[in-house]
Amino acid sequence: MRPSMLALLFLALTPLAGCPTSTTLTDDDAARSDADAVDAAIDADLPDAPGLDSGDTTVSCSGHDAMSFPAFDRACVSDSDCEIAAHQTDCCGTLDAMGIAASESARFAAAEALCESQYPACGCDSGTVNTDDGTMPPPGSGTSAVVVRCLTGVCTTSARASMACGATTCTPTQVCVMECSGVPVPDGGVLASHCVDVPPACADTTDCACFGANPCPTGSCVSVDHGAPVCLCA
């Protein structure tokens, strides 16, 4: 081919300066673009926590069954090492109140948020709560009747039973609080007592603030022991 013909061919294949070029997307390119947009939307809604993202296959909850959920450390030395983790197991709100190590709290919260977001709106409320030892609190009580203890080195939950409290009986969602039940104890006499409702937030904390107000008949609350306020005499 002569040099003049080569020059003409080069000019024909080269876009002119300042002229826009057009690009045609293939079907694969379009599909990949759509997939990237979906992934970005999912990532925007995910909780910001270590070890979890939209591709985490350890969390798969749908329909009426929790198909896959991660395991959490349950090792403990004392009760204070444990927390109650309320895991939803179906679209009607059935809960497994599990005992886990307090150090796993953030990781559980992230996994549970992702799990609950996958359940459809079933329009039902089972009110059922299951515990590690098989005991069941009253329907609809949530975790307010659940306690967690360190048993043989494992954080284990159970349902609180009804208990006698002076002339009355406290329900599983209540605890018996005695007048000045802490230290020092007054000399002689019978201590007054009453039943106090236990908010779910008080199930696994030692902070009296979970009650919102002083639950002690006399004196003041200094700590919480398995949902029961410990009152210090004035």
Item to check | Heavy-atom side-chain contact between Met98 and Phe108 under 4.5 Å | outcome: yes
Item to check | Sequence neighbours excluded, every pair satisfying salt bridge (Lys or Arg N to Asp or Glu O under 4.0 Å) that has a member inside residues 212-226 | outcome: none
Checklist entry - Taking all non-hydrogen atoms of both residues, which atom of Cys115 and which atom of Val59 are closest, and how far apart? => result N-CG1, 3.7 Å
Checklist entry - CD of Gln118 to OG of Ser60: how many Å apart, nearest 0.5 Å? => result 5.5 Å
Item to check | Fellow cluster residues of Leu95, listed by chain then number, with links counted only when side-chain atoms sit under 4.5 Å apart | outcome: Ile84, Val129, Val146, Val148
Checklist entry - Should the SG of Cys82 and the SG of Cys150 be checked, would they turn out to be under 2.5 Å apart? => result no
Next on the checklist: Give me each pair satisfying side chain to side chain donor-acceptor pair (under 3.5 Å) with a member in residues 129-142, each pair once, sequence neighbours excluded.
Outcome noted: Arg74-Asp132, Asp96-Asn130, Thr131-Asp133, Thr131-Thr135, Asp132-Thr157, Asp133-Thr135
Checklist entry - Looking at residues at least two apart in the chain, or sitting in another chain, which of them share a side-chain hydrogen bond (donor to acceptor under 3.5 Å, both in side chains) with Thr152? => result none
Next on the checklist: Checking Cys91 against Cys122 for the disulfide bond (SG atoms under 2.5 Å apart) test, could you report, in this order, the C-alpha distance in whole Å, the side-chain angles of both residues, the deciding distance, and whether it holds?
Outcome noted: CA-CA 6 Å; Cys91 68; Cys122 295; 1.8 Å; yes
Item to check | Aromatic ring pairing Phe69/His87, orientation class (parallel under 30°, perpendicular over 60°, tilted between) | outcome: parallel
Side-chain donor-acceptor contacts of residues 160-170 below 3.5 Å, not counting sequence neighbours, with atom names and distances?
residue: Arg160; atom: NH1; partner: Ser144; partner atom: O; Å: 3.0
residue: Arg160; atom: NH1; partner: Pro172; partner atom: O; Å: 2.8
residue: Arg160; atom: NH2; partner: His226; partner atom: O; Å: 3.2

Item to check | Closest non-hydrogen atom pair between Ala85 and Ile100, with its separation | outcome: CB-CD1, 3.7 Å
Under 3.5 Å, sequence neighbours excluded: what are the donor-acceptor pairs made by side chains of residues 208-216?
residue: Asn214; atom: OD1; partner: Cys216; partner atom: N; Å: 3.3
residue: Asn214; atom: OD1; partner: Cys221; partner atom: N; Å: 3.2
residue: Asn214; atom: ND2; partner: Gly219; partner atom: O; Å: 3.0

Checklist entry - Do you know which two heavy atoms are closest between Ala228 and Val175, and how far apart they sit? => result CA-CG2, 3.7 Å
Item to check | Glu104: partners by salt bridge (charged side-chain N to carboxylate O under 4.0 Å, His left out), with sequence neighbours left out | outcome: Arg107
Checklist entry - What are the two closest heavy atoms between Val224 and Cys202, and how far apart are they? => result CG1-O, 4.0 Å
Checklist entry - Can you list the steps and then say if Cys231 with Val177 is a side chain to side chain contact (heavy atoms under 4.5 Å, CB included)? => result CA-CA 8 Å; Cys231 305; Val177 181; 3.5 Å; yes
